[in-house]
Amino acid sequence: MSIGGSVLIPDDDDHSYIMRLAALLREVSNDVDLLVICGGGRVARYYTNTGKKIGGTTHQLDLLGIGATRLNAELLRIALGDAAHDTVPLTVDEAVNAFSGGRIVVMGGTEPGHTTDAVAAMAAEAIGCRRIVNATSVDAVYSDDPKIDRNAKRYTHLTLGELSKIVYDEHGAGRSSVFDPLGVKLAMQNGNDILMVSGRDLAEVKNAILGKKIKGTTVTPG
Ligand code: UTP
């Protein structure tokens, strides 16, 4: 599961949301093995924007972003208590080792050059997992940013090929992508399903994790 920083720390009653999310993850971990990758959200943006103003290179800004993702992972780990693996893995290899321990593994980014969505796809390949849940601040994939274009088309089903076209168009326009284009490419190679859901809607997150019907967008190979 890739969960955006915009879901974890939007500064909207975050502590109570994180506690409710942790309770849900603990509950579903009786049925599924969970690896959760946290995004950096506004803390990452604060550091990368400030780092940019003082002359940071792209590599340095990525390292700042990764730091923020790992802070969010530590936050979720605190809420999970002893249901969580006891460290935040720094690499996909470390995540694979941690995953065999049977507890919920929570991590952030790994190395510069991509986002946590791509880490989710890399980790899914490494642990042989078919389903990736992407919990974000929007409730589905749209043809355009629904906050800007009220007529944007909402998709309930897409193929990975169709999602790939959408994320590459978004990328070209310089927008934050609904899913990292590298992550989509890796998911195409691995044959993953990606379930795009609103992260603050915990009933929806639960359905996605358990493979039940969702209101958001189901993205399947093809
Ligand atoms: P996020 O995964 O939160 O990316 O990582 P994002 O797309 O900016 O945020 P959301 O998904 O819209 O909430 C934050 C930043 O950290 C760096 C990148 O600079 C990224 O933009 N990062 C993260 C890495 O360089 N490598 C990683 O593995 C993860």
With rounding to the nearest 0.5 Å, note down the distance linking [atom1] in [X] to [atom2] in [Y].
X    : Y    : atom1 : atom2 : result
I66  : L90  : CD1   : CG    : 10.0 Å
K147 : Y142 : NZ    : OH    : 10.0 Å
R70  : T116 : CZ    : OG1   : 11.5 Å
M1   : I104 : CE    : CD1   : 10.5 Å
I194 : M188 : CD1   : CE    : 10.0 Å
N192 : L160 : CG    : CG    : 7.5 Å

Could you tell me if the side chain of [Y] sits less than 4.5 Å from the side chain of [X], heavy atoms only?
X    : Y    : answer
D12  : Y17  : no
P112 : L63  : yes
M122 : L186 : yes
L210 : V28  : yes
L163 : M196 : yes
L21  : L8   : yes
L158 : V141 : yes
V105 : L34  : no

Under 4.5 Å between side-chain heavy atoms, counting indirect links through other Ile/Leu/Val/Met/Phe/Trp/Tyr residues: same cluster for [X] and [Y] or not?
X    : Y    : result
L35  : L80  : no
M107 : I3   : no
L182 : Y168 : no
I37  : L76  : no
Y46  : L61  : yes

Applying salt bridge (charged side-chain N to carboxylate O under 4.0 Å, His left out), which residue pairs with at least one partner in residues 96-121 are found, sequence neighbours left out?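 For residues 96-121: D86-R103.
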Does anything in residues 25-46 pair up under salt bridge (charged side-chain N to carboxylate O under 4.0 Å, His left out), and if so which pairs, sequence neighbours excluded? E27-K206
Kindly indicate, with the supporting measurements, whether the criterion side chain to side chain contact (heavy atoms under 4.5 Å, CB included) is fulfilled by L75 and L71. CA-CA 6 Å; L75 202 56; L71 272 180; over 6 Å; no
Exercise: identify the closest heavy-atom pair between [X] and [Y]:
X    : Y    : answer
G183 : A121 : O-CB, 3.6 Å
P89  : E94  : CA-OE1, 3.6 Å
A118 : D180 : CB-OD2, 3.7 Å
A152 : P146 : CB-CA, 4.3 Å
T110 : V92  : CG2-N, 4.0 Å
V205 : G199 : CG2-O, 3.6 Å

Quick check: does any side chain N or O of [X] sit under 3.5 Å from a backbone N or O of [Y], one acting as donor and the other as acceptor?
X    : Y    : result
N72  : C38  : no
T136 : V138 : yes
T69  : G109 : yes
Y155 : G216 : no
D149 : D145 : no

Regarding [X] and [Y], does a basic nitrogen lie under 4.0 Å from an acidic carboxylate oxygen?
X    : Y    : answer
E74  : R77  : yes
D144 : K153 : no
R200 : D14  : yes

Determine, step by step, whether T218 and I214 satisfy the side chain to side chain contact (heavy atoms under 4.5 Å, CB included) criterion, reporting the C-alpha distance in whole Å, the side-chain angles of both residues, the deciding distance to 0.1 Å, and the verdict. CA-CA 8 Å; T218 301; I214 56 167; 3.6 Å; yes
Between H157 and T217, is a side chain to side chain donor-acceptor pair (under 3.5 Å) present by the stated rule, with each step listed? CA-CA 5 Å; H157 180 259; T217 308; over 6 Å; no
Determine all donor-acceptor pairs shorter than 3.5 Å in which one atom belongs to a side chain in residues 124-131; sequence neighbours excluded.
{"unit_1": "R130", "atom_1": "NE", "unit_2": "G191", "atom_2": "O", "d": "3.4"}
{"unit_1": "R130", "atom_1": "NE", "unit_2": "D193", "atom_2": "OD2", "d": "3.4"}
{"unit_1": "R130", "atom_1": "NH2", "unit_2": "D193", "atom_2": "OD1", "d": "3.3"}
{"unit_1": "R131", "atom_1": "NE", "unit_2": "A208", "atom_2": "O", "d": "3.2"}
{"unit_1": "R131", "atom_1": "NE", "unit_2": "I209", "atom_2": "O", "d": "3.4"}
{"unit_1": "R131", "atom_1": "NH2", "unit_2": "I209", "atom_2": "O", "d": "2.6"}

More than 12 heavy atoms from other groups under 6.0 Å of CG on D13: yes
Are there over 12 heavy-atom neighbours, none belonging to F99, within less than 6.0 Å of that residue's CZ? yes
CA sep, side-chain torsions, deciding dist, call: V219, L195, side chain to side chain contact (heavy atoms under 4.5 Å, CB included): CA-CA 6 Å; V219 189; L195 306 175; over 6 Å; no
Is it true that S198 and D139 share a donor-acceptor pair across their side chains at a distance under 3.5 Å?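 No, because no side-chain N or O of D139 sits under 3.5 Å from a partner of the opposite role on S198.
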Could you go through V197 and K215, starting from their C-alpha distance and side-chain angles, then the distance that decides it, and tell me whether this counts as side chain to side chain contact (heavy atoms under 4.5 Å, CB included)? CA-CA 7 Å; V197 293; K215 293 180 280 181; over 6 Å; no
